[in-house]
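Input: a single structure, listed below in C-alpha cells.
Only a predicted model underlies this, so the values are computations on that prediction, with no experimental measurement involved. One is the number of the first residue; the rest follow in order along the sequence.
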Amino acid sequence: MPTIIPGVASDETVSVKFVQTLADPSAPKLTEINAVTSVQLECLLTENFAPDASADTTQIRRMCSKQTQERAGTVTRTIADLVGAYDPQDLAAPISKAYAALEPGATGFLVVRWGVHVDTAWAVADLVDVYPVEIAFRAKMAPEQSSELKFKAKPLVTGTVVEDVALAA
C-alpha cells in the first residue's frame with residue numbers, strides 16, 4: 001500500500017497584509033510588515049485570496065520535425081478581486097479597515113504568508129510572497145439575504161512578484 005504524505009491544511013493558514021511601504025520587496029522586514037499603517041486582511045475578507053498567473057506562448061516549428069515546440073513568453077500575474085465586509089456608516093470601525101485601505105489608486109504590497117495559522121504572529125524567517133499592487137477600483141456589492149454588506153476591490157499587479165522570501169529582522 002502506498003504511503004500518503006499529509007499536506008498542510010488550507011483552512012486558517014493563509015495570512016494577507018496590505019503594506020504601504022517596503023524598502024526592498026525582495027527582503028521585506030518584519031518591522032515593515034507590522035507597521036501601524038499595514039492592514040491585516042484575512043479576517044476582513046469574505047473570499048479566499050486567489051493569485052494566478054498565465055504565460056503567452058510561441059510555437060517553434062522546425063522543418064525536420066512533425067512536432068512543434070512551445071517557448072514561454074510574457075508572464076501575466078493577476079489577483080482575483082478582494083471581497084470584504086465593512087460598515088458603510090462607520091469607515092473608521094475595525095471591520096472597515098480593508099475598505100479604507102483598499103481605496104482606488106492606493107499603492108502598496110500584498111504580503112502573503114502561507115501555511116502558518118492566522119493566529120500565529122508573523123516572525124523573522126517566515127516565508128512570504130510579495131505582490132506590488134495598485135487598487136484599480138473599489139465597489140459596493142449588492143446585499144445578500146442573511147449576509148453582511150460587502151465591497152470588492154481590484155488589485156493590479158504592478159511589478160515583479162517575489163515568492164518564498166524570508167522576512168528579515
Stepwise, does the side chain to side chain contact (heavy atoms under 4.5 Å, CB included) test hold for Val116 with Thr13? CA-CA 5 Å; Val116 179; Thr13 61; over 6 Å; no
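- Distance alone, capped at 3.5 Å, places no donor-acceptor pair between the Ser96 side chain and the Ala92 backbone.
- Nearest heavy-atom pair across Phe151 and Ala85 is CE2-O, 3.9 Å.
- Residues Pro88 and Leu149 approach most closely at CG-CD1, 3.6 Å, considering heavy atoms.
- For the pair Ser38 and Phe18, the minimum side-chain heavy-atom distance is 4.5 Å or more.
- No side-chain heavy atom of Ser15 sits less than 4.5 Å from a side-chain heavy atom of Val112.
- The side chain to side chain donor-acceptor pair (under 3.5 Å) contacts involving residues 16-33 comprise Lys17-Asn34, Asp24-Ser26, where partners must be two or more places apart or lie in separate chains.
- Applying the side chain to side chain donor-acceptor pair (under 3.5 Å) test to pairs two or more places apart or on separate chains, none has a residue in residues 54-73.
- Looking only at side-chain heavy atoms (C-beta outward), Leu44 and Lys97 come within less than 4.5 Å of each other.
- Within the structure, the side chain to side chain donor-acceptor pair (under 3.5 Å) test picks out no pair touching residues 43-53 (sequence neighbours left out).
- Nearest heavy-atom pair across Ala101 and Ala106 is O-CB, 3.6 Å.
- Counting heavy atoms from C-beta on, the side chains of Leu41 and Leu110 come closer than 4.5 Å.
- Val14 has its side chain out of reach of Val118: every pair of non-hydrogen atoms, C-beta onward, lies at least 4.5 Å apart.
- Checked against salt bridge (charged side-chain N to carboxylate O under 4.0 Å, His left out), Asp129 has no partners two or more places apart in sequence or in another chain.
- A 4.5 Å side-chain heavy-atom check between Val8 and Trp114 finds every atom pair outside the cut-off.
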Using a 3.5 Å cut-off and no angle test, enumerate the donor-acceptor pairs between side-chain atoms of residues 153-169 and protein atoms at least two apart in sequence or in another chain.
residue : atom : partner : partner atom : Å
Lys154  : NZ   : Ile79   : O            : 2.6
Thr158  : OG1  : Pro132  : O            : 3.4
Glu163  : OE2  : Arg77   : NH2          : 3.1

For residues 133-143, which side-chain N or O atoms pair as donor and acceptor with protein atoms under 3.5 Å away, sequence neighbours left out?
residue : atom : partner : partner atom : Å
Arg138  : NH1  : Tyr99   : O            : 2.6
Lys140  : NZ   : Tyr99   : OH           : 3.2

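- The shortest distance between side-chain heavy atoms of Ile33 and Val19 falls below 4.5 Å.
- Heavy-atom minimum distance, Arg113 versus Val128: CB-CG1, 4.1 Å.
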